Structure formats: structure tokens, C-alpha cells
2 protein chains.
Amino acid sequence: MDEPMPGAPTAAAEVAQAHQAAREVFDVVGTKWALSVIEALGADTRRYGELHRQVTGISHRLLTATLRQLEQHGVVERTLHPTVPPRTEYRLTPAGQELQHTINGFCRWSRRHLDEILAARRRSEQA
Amino acid sequence: MDEPMPGAPTAAAEVAQAHQAAREVFDVVGTKWALSVIEALGADTRRYGELHRQVTGISHRLLTATLRQLEQHGVVERTLHPTVPPRTEYRLTPAGQELQHTINGFCRWSRRHLDEILAARRRSEQA
DNA sequence: CGGGATCCTTCCCGATACTG
DNA sequence: CAGTATCGGGAAGGATCCCG
């Protein structure tokens, strides 16, 4: 099906790469808490404890893991102030802010269609 | 900050409900394969086997489970043609198409920032 | 061809305790 | 305050078989 490596990127190869890129992102935002954390970060900087209080229900470990993963993908920037007690601040990178903007699309969609969603779910739960 | 409005929904309550709605959606699209499947569905209808080939790496079981979950949330519509051999077609509902539009925002974002993402990851992998 | 049911493995996640 | 380390239970996910 695929051609034997022409050396130059084919259109199909670009599509495949785009898909792979999307999958990369899907794996990141597809984490249980990633979307909530990005949304919670807002426009300004947040401290670790603030986020922990804001994202209701997230565990200590998972907040750390999620933040690290987002940091590793260039979505979140971490700044450690070497004071005592320590003070760590998280903020979205410019790329992360764009991503947040996209995520807000989800929020708007969910508000627009919440009733449909709940109706569809209740219908299926009766079976 | 917020005024006590008895009987009427306060701004805080609306925000809380919006958050809950968002979390509902996050739980759906936060599944490992949901985003990929929605993206793969495109604009026209797709058969089960087509999707299985298109979403590389997904298992038989998980494709079924993901489709069922999306169906239960009013994102996907399933049509079974009682022929032999059976022919099942999946398509996005109107709401699902809107959702796909939002998801395409992720794809565009991932393509725009792929180099940053990979750079940030390789940087963190060296540590 | 579509998809349910079962088994079995993996690893995610939460609770707890400890460090700087 | 802001994490890291460890461990156990349970869910997620893959492979396989079977049925319409």
C-alpha cells in the first residue's frame, strides 16, 4: 500500500505525520485531569496549592504528574522561587494559552449540549 | 463578591454548573481513543471495519466500547442495516459534528506546535 | 462482517509516609 | 509549602473465542 520510501515527504506521509502529532496531543489532553488543570490555570500564574484546591477531587500525586507532563510538552511553564518556604508558580506558555482557548471550545460545547448529553445517557441507562 | 440572590441562579452557581458540564465532557473525550475516533469519523458515514483500519492500533474491544460510549452521549449515531453480511454505519450527530470541529482545533494546534512539543519533550527526556 | 463475552495482564491511581 | 517514594487494589486495555 505505501510506496517504498521515496526520500521526499509525500502528501500521505504528511497526513500520517499530522495524525501522529494529533495523537501525541490526544495522549496528553486525553489524561483524566489534563483538561481540568489547563482550564484551571487561567490567564495568570497559579501556585501548586491553589491548583490543588481549584481542581476538586484531584489527588496530590496526579496533580504533580499532570503538571509535569504538561510541562514536558511545552504547555506549562514552572518557576521555582528559592525562598523559604518554597514558592512554585505555574503558568501557561503562549502555546498553552492557545490550547486553553481550544479547550474553552469544549466547555462551550458542553454547556450548549448538556441536556442532550444527559438525555442520551439516561436513555441508554434504562437499557 | 457575589450577591446573595435567593431563588435565582447566582453567577457562582452557573460557573459551578458549567464546570460540571465540562467535566462530563472531559470524561468522555478524555478516553484514550475517543478523540481519534471522532476525528476519524469525518463528515460522512463510516463502517466498523473502516474505522478499525483508520484508527491505527486500537483493539477490537476498545473500538466497540468507544463507539458505544460516544453513542450513549449523543455524539455518534449507529445504523444497522439488516443485510447479510451485516453492515453497520456510524456517523456523527449534529452535536458530534460541532464537537469534531472543536477537536480539529486540537489537530491544528498540534501541527502548529509540533516542533515545540517535540523539543520540550526531548529536553525533558535528557534529564 | 460486526460485536458480545471471557480471560488475563498491565499500569493507573489513591492513600500514606517521608524529604528539602 | 512543594514535592518524591512506595505499595496495594482496581480499572483499563489487549488477545482470543464465539455467535448473529
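Letters go in sequence order (proteins before strands), and every chain restarts at 1. What you see is a predicted model; the values in this text were computed from it and never measured. Note that these values count all heavy atoms, side chains included, but never hydrogens, waters or copies made by symmetry.
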Grab the [atom1]-[atom2] distance between [X] and [N] for me, whole Å please.
X	N	atom1	atom2	result
A:Leu80	D:dG3	CG	P	7 Å
A:Arg46	D:dA2	CZ	C1'	18 Å
B:His52	C:dC1	NE2	P	13 Å
B:Glu71	C:dG3	CD	C1'	12 Å
B:Arg68	C:dG2	CZ	P	16 Å
B:Glu89	C:dG3	CD	C1'	16 Å
A:Asp27	D:dG13	CG	P	11 Å
A:Glu50	D:dG3	CD	P	13 Å

What pairs of donor and acceptor atoms, side-chain ones from residues 70-85 of chain B against any protein atom, are under 3.5 angstrom apart with sequence neighbours left out?
| residue | atom | partner | partner atom | Å |
| --- | --- | --- | --- | --- |
| B:His73 | ND1 | B:Gln69 | O | 3.0 |
| B:His81 | NE2 | B:Glu89 | OE1 | 3.4 |
| B:Thr83 | OG1 | B:Pro85 | O | 3.0 |

When you measure from the side-chain N and O atoms of [X] to the phosphate of [N], is any distance below 4.0 Å, counting only OP1 and OP2?
X	N	answer
B:Thr88	C:dG3	yes
A:Arg78	D:dA2	no
A:Tyr48	D:dT4	no

Checklist outcome for this item: Per-nt protein contacts along nucleotides 6-20 of chain C (heavy atom under 4.0 Å; B base, S backbone sugar-phosphate only, - none) come out as B------BBB----B
Item to check | Short side-chain to backbone donor-acceptor contact, B:Glu116 and B:His113, under 3.5 Å | outcome: no
Next on the checklist: Strictly distance-based, threshold 3.5 Å: is any side-chain N or O of A:Trp109 a donor or acceptor partner for the main-chain N or O of B:Ala95?
Outcome noted: yes
Measuring only the [atom1] atom in each nucleotide, how far is [N] from [M]? A whole number of Å is fine.
N	M	atom1	result
C:dA17	D:dG10	C1'	22 Å
C:dC7	D:dG20	C1'	22 Å
D:dG13	C:dG14	P	15 Å

Checklist entry - Hey, is CZ on A:Arg112 packed in by over 12 heavy atoms from elsewhere, all under 6.0 Å? => result yes
Checklist entry - Given Watson-Crick or G-U pairs with both distances under 3.5 Å, what dot-bracket string fits DNA chain C, with | for other-strand pairs and [ ] for crossing? => result .||||||||||.||||||||
Checklist entry - Minimum heavy-atom separation for B:Val55 to B:Ala40, with atom names? => result CG2-CB, 3.7 Å
Item to check | Minimal non-hydrogen separation, B:Thr45 against B:Arg91, with atom names | outcome: CG2-CB, 3.9 Å
Checklist entry - In terms of hydrophobic clustering (I, L, V, M, F, W, Y; side-chain heavy atoms under 4.5 Å; direct or indirect links), are B:Leu114 and A:Val28 co-clustered? => result no
Checklist entry - Do the ring planes of B:Phe106 and A:Phe26 sit parallel (below 30°), tilted (30 to 60°) or perpendicular (above 60°)? => result perpendicular
Next on the checklist: Would you call the rings of B:His52 and B:His60 parallel, tilted or perpendicular, taking 30° and 60° as the class edges?
Outcome noted: tilted
